[in-house]
Amino acid sequence: MRLPATTAREALFTRLKDPAQTSVLQPDGDLPPYMESFLAHLRLLVGVPFEYLIPDDRMLPPESIRFFYVDRSWTDRLVDGGLAVGQIGSREEAHYQARGSALHQLLDQSERMVRSLQRGKDFYDAKAVSDADQRGAKLITGFLLRSSAVKQWPHMDVRGYDVTIAEPFETSSANAVGHQLKLLRLELLAPSLMIALFETEPKMVILEEPHHGVQFGVRHVGSQLKVPLRDGHGQQIVKNGRAVQVTVPTRKRHSDVIRVAALREALIGAHAANPTSVVQEGSGSFAISVLDPPWRQHFEGTEDFADTGVPGHDLAFVNVTFTVQQPLVLSSVKTVLGVL
């Protein structure tokens, strides 16, 4: 009978007395890439059921946007819950308690690479960039947008700024780029529902139609078609805070057909009263006049004007504290929770 090279008892003894209990390639405290990625995504609410974010549909009605702050204490408890799956005894629990603070500090940096991972960047490349940023954890804010605009333009540009920048401005200018906040997450939760998370609190948020190319067109203003008057650089002519509009002439029997020659004459006539507008000297100047650049929606300030009492603009709000104290609701909640 051939004797084994070693016994289980000897192998266990050798393992226990070895001072290096982990491989050199796996330093103590490091998380496997899949685990670090999962927890970082969890920190930014990726995978959290939507009903946990918006418990009542009336809090996010159609064609509305809601801004919010992310409670880091809540997301830390979310991570704790994810890691509790592996805590099957007091030894694992003690280990987590000892390493918990270091883990949360690691995730403070790792959450900054989530957007890069979602856009297909390699984990190690994304982690190298996030690890180079040694800043502490910042406040996280965001918004939920429920609108048909999300469905029509699922790739709309979303930017947040730490100052209010007056129009007109170019998003690629040095001033705008210098004040732009880091976008931690931008994702569609449904065809018409978008979530965005920013690092720190924005003073201004803009939503902009994707730039796919040069577009030309006119706009419906009431029952008429109008085109805003523009200067030689394509910027709108503004008076008293409003764009100067030129009525677009159409055929009498076919109001959806534009009389192009008459429109050019109308632009020439408007130039007399607005000398800064582009001079109609050919097809190039006419093209500038009928430019239809991507729309841009601004959100600024901190005051909420959603429920102002204006007819047709009232939105339903839910007073959670008051609602849960109602006897019928309270008894239903206790029944669900099994509390007598």
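Position 1 is the first residue of the sequence; numbering continues from there. Hydrogens, waters and symmetry mates play no part in the numbers below; they use all other heavy atoms, side chains included. Note that the coordinates shown come from a computational prediction; the quantities given were computed from them, not determined experimentally.
In F299, the CZ atom is crowded: over 12 heavy atoms of neighbouring residues, nucleotides or ligands sit closer than 6.0 Å. Around CZ of R77, the count of heavy atoms belonging to other residues, nucleotides or ligands within 6.0 Å exceeds 12. When the shell of 6.0 Å around CG of D162 is examined, it contains more than 12 heavy atoms from other residues, nucleotides or ligands. More than 12 heavy atoms of other residues, nucleotides or ligands sit less than 6.0 Å from atom CZ of R135.
Shown here for R146 and L60, the closest heavy-atom pair between the two residues is NH1-O, 2.8 Å. When every heavy atom of V278 is checked against every heavy atom of S285, the shortest pair comes out as CG2-CB, 3.7 Å. Pairing each heavy atom of A273 with each of K239, the nearest pair is O-NZ, 3.6 Å. Closest non-hydrogen pair, H179 versus N175, comes out as CD2-O, 3.1 Å. Considering every non-hydrogen atom in both P61 and R66, the closest pair reads CD-NH2, 3.6 Å. Closest heavy-atom contact between A176 and E170: CB-O, 3.5 Å.
Under the 4.5 Å side-chain heavy-atom criterion for grouping Ile, Leu, Val, Met, Phe, Trp and Tyr, V114 is not connected to L139 through any hydrophobic cluster. In the hydrophobic cluster analysis, where Ile, Leu, Val, Met, Phe, Trp and Tyr join through side-chain heavy atoms closer than 4.5 angstrom, V205 is grouped together with L183. Linking Ile, Leu, Val, Met, Phe, Trp and Tyr whenever their side-chain heavy atoms come within less than 4.5 Å leaves F143 and L184 in two separate clusters. L106 and Y124 are members of different hydrophobic clusters when ILVMFWY side chains are connected at heavy-atom separations under 4.5 Å. Hydrophobic cluster membership differs between V48 and L186, with clusters built from Ile, Leu, Val, Met, Phe, Trp and Tyr side chains linked at under 4.5 angstrom.
The side-chain heavy atoms of V150 and L193, taken from C-beta on, include no pair separated by under 4.5 Å. You'll find the side chain of E111 stays beyond 4.5 Å of the side chain of T75, heavy atoms only. Side-chain contact between T141 and F67: absent, with no pair of heavy atoms (C-beta onward) separated by less than 4.5 Å. Using a 4.5 Å cut-off on side-chain heavy atoms (C-beta onward), S37 and L117 make contact. A heavy-atom distance below 4.5 Å is not found between the side chains of K182 and K138. Looking at heavy atoms from C-beta onward, L263 lies in side-chain contact with F286 at the 4.5 angstrom threshold. With a 4.5 Å cut-off on side-chain heavy atoms, F68 and L197 count as touching. Residues H271 and Q280 fail the side-chain proximity criterion, which asks for heavy atoms closer than 4.5 Å.
In this structure, E187 CD and R115 CZ are separated by 10.0 Å, a value rounded to the nearest 0.5 Å. Here the CG atom belonging to L144 is positioned 9.0 Å from the OG atom belonging to S64, to the nearest 0.5 angstrom. Q297 CD to I206 CD1: the interatomic distance, rounded to the nearest 0.5 Å, is 10.5 Å. Rounded to the nearest 0.5 angstrom, L44 CG and R185 CZ are separated by 7.0 Å. Between atom CZ of residue R251 and atom CZ of residue R259 there is a gap of 9.5 Å, rounded to the nearest 0.5 Å.
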I'd like to know whether E36 forms a side chain to side chain donor-acceptor pair (under 3.5 Å) with S110, so could you lay out the CA-CA distance, the side-chain angles of the two residues, the decisive distance to 0.1 Å, and finally the verdict. CA-CA 7 Å; E36 183 175 352; S110 300; 2.5 Å; yes

Salt bridge (Lys or Arg N to Asp or Glu O under 4.0 Å) assessment of R43 paired with D108: CA-CA 9 Å; R43 267 288 194 91; D108 288 343; 3.0 Å; yes

